[in-house]
Amino acid sequence: MDILDSLNPAQRQAAETTSGPLLILAGPGSGKTRVIAHRIAYLIGVGGVYPRRIMAVTFTNRAAGELRQRLDGLLGRSAGELTLGTFHAICARILRVEGEVIGLDRNFVIYDDDDQLSAVKQSLAELGVDSHRFSPRGVLSAISAAKSQLLAPADLPSRGYADEVARRVYERYEVLLARSHALDFDDLLLRTVKLFQGQPPVLAKYQTRYLHLLIDEFQDTNIAQYQFAKLLAAKGRNICVVGDPDQSIYGWRSADIRNILSFEHDFPDARVVVLGQNYRSTKTILEVASRIIAANRQRKPKELWTENPAGAPVSLLEAESEEEEARLVVAEIERLQKEGVPLRECAVMYRTNAQSRALEEACLRFGIPYKLIGAVRFYQRREVKDVIAYLRLLQNPSDTVSLMRVINLPPRGIGNRTQEELAARAQAQSASIYDVLHKVREPGEQAAPSPLSLRVTRALLEFLGMLEELRQAAQEKEVPEMMDTLLERTGYERFIRAEEDGEERWDNIQELRSVAAGYPPGQGLTDFLEKVGLVSDVDNLDGVAEGVTLITLHQAKGLEFDVVFMVGVEDGVLPHFRSFPNPDQMEEERRLCYVGMTRARHRLYLLRAYHRNLAGMSVANPPSRFLGDVPRRLLTTSTSATEAPPPPLPLVQLREGDAVTHKVFGQGVVVSTLPIRGDQQVTVAFKGVGVKKLLLSLAPLSRLDEGG
DNA sequence: CGCAAGTACCTTTTT
DNA sequence: GGTACTTGCG
């Protein structure tokens with residue numbers, strides 16, 4: 001029995017070519033993941049390669065998990081010590097082990113986007129740069145772009161004032177992070193590359209260990225990532241990259257589509273295998289998608305074919321408004337359900353997160369369960385970030401961003417003025433805020449340029465004492481218990497639960513606690529924080545739970561569904577108007593459209609609305625120019641009746657966090673809601689009564705305030 | 001210093 | 001329609 005028996009000739013060739021550089025160009029639905037899994041299984045099972053000598057890099061943690069599962073299935077056992085993960089996760093691991101030689105703290109924290117933004121703002125403030133002239137966002141993306149290309153501040157061009165500002169903020173930002181013992185996402189890659197370049201013995205160690213290197217979604221790698229791969233593979237040269245230039249959609253994040261060209265240049269002996277047979281979609285869907293992508297100019301033509309049936313035409317549905325668009329989707333989903341299509345096989349995809357709102361409301365109203373991916377990401381919620389900031393401080397008190405975040409949460413008399421004073425002192429002494437706090441205790445304090453009042457000093461010392469005490473406790477406790485202690489001792493629990501939507505926020509904190517409790521005991525705080533810092537929302541997408549998936553086109557990459565609805569197929573939305581002036585970006589929009597369409601197995605619906613609300617104003621978008629490339633014969637168009645069908649459902653719609661009153665139980669707050677056919681089940685926490693589950697249509701509930 | 005009310009600016013996509 | 005930041009008062 002051959003492990004590769006089930007593969008077609010091209011797939012088989014891709015899996016069998018295990019020595020030397022290999023480029024696999026894999027069209028959508030071409031069984032790419034299968035090939036990767038088979039290739040690794042073949043290496044281990046037939047080639048006798050130890051799993052620990054293989055590194056496989058994926059785009060998301062979720063893809064890594066899926067790959068591991070398939071692999072275990074193929075091998076009939078665990079693939080064990082195989083190194084498998086995202087670039088960021090793998091680099092973080094390497095830096096934890098090797099970072100000391102380049103001066104990294106073993107307990108470095110990883111700053112996410114939010115933290116990075118805080119650090120940029122702090123840097124701008126320290127430099128006295130007007131944040132109205134230079135938006136922190138813009139500066140951050142310039143810094144991030146530079147880092148993704150392995151550029152240091154000194155490497156940046158200096159053609160004028162703006163460049164000069166960018167360079168100086170970048171420098172300042174680096175100092176701030178260093179002082180905080182923090183690395184941002186880009187650092188994980190950049191530092192690993194620098195480590196490899198500057199420490200030949202370390203590089204040699206990894207080159208020797210990893211005989212085989214495999215990189216998925218290669219079209220979405222940036223310069224730093226490619227450099228990392230090249231360094232690692234320089235010795236063994238067994239590097240396999242898998243990608244599809246037509247699915248490159250992360251140019252805005254400095255992904256460089258040219259890496260594919262560079263690969264063929266850097267490894268001129270590379271074999272190239274094209275996987276062109278599509279096993280996923282109907283002929284019709286594939287043709288529509290192919291027509292869209294064929295219009296890109298900067299593209300090598302690539303034929304895709306399928307033996308699947310032609311299937312139904314693609315439906316183009318035109319709605320009056322965003323709300324009606326959502327209703328059309330929901331109505332069609334209900335119809336499909338009667339035909340036996342499970343909800344988990346339906347996905348609604350959109351260009352921008354803001355579009356999810358109307359869809360969510362329609363699902364709620366018509367009682368369709370849904371899984372919303374990524375709108376307000378769990379780990380981005382304020383209360384979750386607050387608790388994580390506390391945990392980080394226990395591990396690494398130098399972390400300035402986290403410290404400033406919680407120093408006055410709950411309010412403990414350390415206000416803005418004091419915080420500014422602390423930051424100024426930290427800068428003057430080139431020290432962390434934590435060090436500055438320690439000095440407050442020293443006698444020289446009164447002689448400081450601007451001494452602190454007795455009241456403030458006392459508040460600071462109390463905060464510092466509390467921190468020390470908690471750090472002590474952290475040595476002995478498991479993460480979940482530590483969270484309990486922390487929430488109690490800092491007063492954060494009482495503080496957050498007292499807020500208007502406090503119980504919901506508290507639930508989120510409890511969910512974070514249960515995430516921690518789900519890790520094996522004995523796993524340290526560092527590991528926990530690292531995992532938590534590197535997860536994305538799609539990672540937790542549950543393929544089993546029943547419900548429609550609401551997801552952005554970007555996040556949908558790598559997924560597939562029986563039925564796909566693409567909403568907002570309009571000029572201005574898809575393609576997004578911000579891309580209009582830039583031809584490269586317009587081509588990326590087109591690829592995004594292509595990625596979305598090729599997620600569908602059996603049915604594809606394209607929707608557009610004549611009017612759409614954008615930032616309060618109503619705009620009328622013309623149909624997407626991309627539709628012009630689709631032959632009419634492949635489409636059925638229907639414009640829905642202009643009058644909207646009356647909403648069949650209760651007039652009062654409740655959402656989490658709504659304040660309500662009940663005839664019997666009095667005042668309460670909605671904790672969660674669950675759509676039930678034709679109704680809504682709400683869980684309400686009543687003051688002094690407790691938590692009750694109620695059916696909206698029956699319960700004498702009414703919403704407080706905001707009249708409607 | 002803390003809090004409430006007001007204002008500017010937003011919205012592309014995320015490891 | 002929402003948030004993040006600023007202003008002004010107690």
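Lettering follows sequence order; numbering is per chain, from 1.
- A:D113 comes within contact range of no nucleotide atom at all, as no heavy-atom separation falls under 4.0 Å.
- Listed by chain and number, the residues in a side chain to side chain donor-acceptor pair (under 3.5 Å) with A:E570 are A:R612, A:N621 (sequence neighbours excluded).
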Nucleotides 5-8 of chain C: which of its N/O atoms have a protein N/O under 3.5 Å away?
| unit_1 | atom_1 | unit_2 | atom_2 | d |
| --- | --- | --- | --- | --- |
| C:dC5 | OP1 | A:K121 | NZ | 2.1 |

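- Considering only the side chain of A:Q555, B:dT14 comes nearest among C:dG1, B:dT14, B:dG2.
- Across B:dC1, B:dG2, C:dG2, the shortest atom-to-atom separation from the side chain of A:T418 is found for B:dC1.
- Side-chain N/O atoms of A:T221 and A:N259 include a donor and acceptor closer than 3.5 Å.
- Side-chain atoms of A:T352 lie closest to B:dT13 of the nucleotides C:dG1, B:dC3, B:dT13.
- Sorted by first and then second residue, the salt bridge (Lys or Arg N to Asp or Glu O under 4.0 Å) pairs with a member in residues 213-226 of chain A read A:K32-A:D216, A:K32-A:E217, A:E217-A:K557, A:D220-A:K557; sequence neighbours excluded.
- Within 4.0 Å (heavy atoms only), A:F87 reaches no atom of the nucleic acid at all.
- The listed nucleotides are B:dT13, B:dT15, B:dT14; the one nearest the side chain of A:T86 is B:dT15.
- Here the side chain of A:R253 is nearest to one of C:dG1, B:dT15, B:dC1, namely B:dT15.
- The distance from atom CG of A:D187 to atom P of B:dT15 is 18 Å, rounded to the nearest whole Å.
- Of the candidate nucleotides B:dT11, B:dT15, B:dC3, B:dC3 has the atom lying nearest to any side-chain atom of A:P411.
- Distance CZ (A:F577) to C1' (B:dT13): 13 Å, rounded to an integer number of Å.
- You'll find that the side chain of A:A354 is closest to B:dT11, out of B:dT14, B:dC3, B:dT11.
- Looking at residues two or more places apart in sequence or on another chain, you find no salt bridge (charged side-chain N to carboxylate O under 4.0 Å, His left out) involving A:D584.
- Taking the six-membered ring for Trp and thresholds of 30 and 60 degrees, A:F228 and A:F87 have ring planes more than 60 degrees apart, a perpendicular arrangement.
- Put simply, CD1 on A:I407 is 11 Å from P on B:dG2, counting in whole angstrom units.
- Applying the ring-ring contact (aromatic ring centres under 6.0 Å, His included) test to A:F185 and every residue at least two apart in sequence or in another chain returns A:H88.
- Among C:dG1, B:dT15, B:dT13, the nucleotide with an atom closest to any side-chain atom of A:T60 is B:dT15.
- One can place CG of A:N353 at 16 Å from P of C:dG2, the figure rounded to the nearest angstrom.
- Each of A:R412 and A:Q116 was matched to the nucleotide of DNA chain B holding its nearest heavy atom; the match closer to the 5' end belongs to A:R412.
- Following rounding to the nearest Å, A:E322 (CD) and C:dG1 (C1') show an atom-to-atom distance of 12 Å.
- Atom CD of A:E217 and atom P of B:dT14 are 15 Å apart (whole Å).
- Here the C1' atom of nucleotide B:dT15 and the CD1 atom of A:I249 are 13 Å apart, to the nearest Å.
- Judged by ring centres under 5.5 Å apart and planes tilted less than 30 degrees, A:W252 stacks against the six-membered base ring of B:dT13.
- Straight-line distance from the CZ atom of A:F495 to the P atom of B:dC3: 8 Å, rounded to whole Å.
- Residues forming a ring-ring contact (aromatic ring centres under 6.0 Å, His included) with A:F463 (at least two apart in sequence, or on another chain): none.
- Ion pairing between a basic and an acidic side chain is recognised when a charged N comes within 4.0 Å of a carboxylate O; A:R599 and A:E560 show no such pairing.
- Taking only side-chain atoms of A:H554, from C-beta outward, the nucleotide of C:dG2, B:dT15, B:dT13 with the closest atom is B:dT13.
- As judged by a 4.0 angstrom heavy-atom cut-off over every strand, A:Q585 is placed among the base-contacting residues.
- The residue among A:H576 and A:F185 whose nearest nucleotide of DNA chain B is located toward the 5' end is A:H576.
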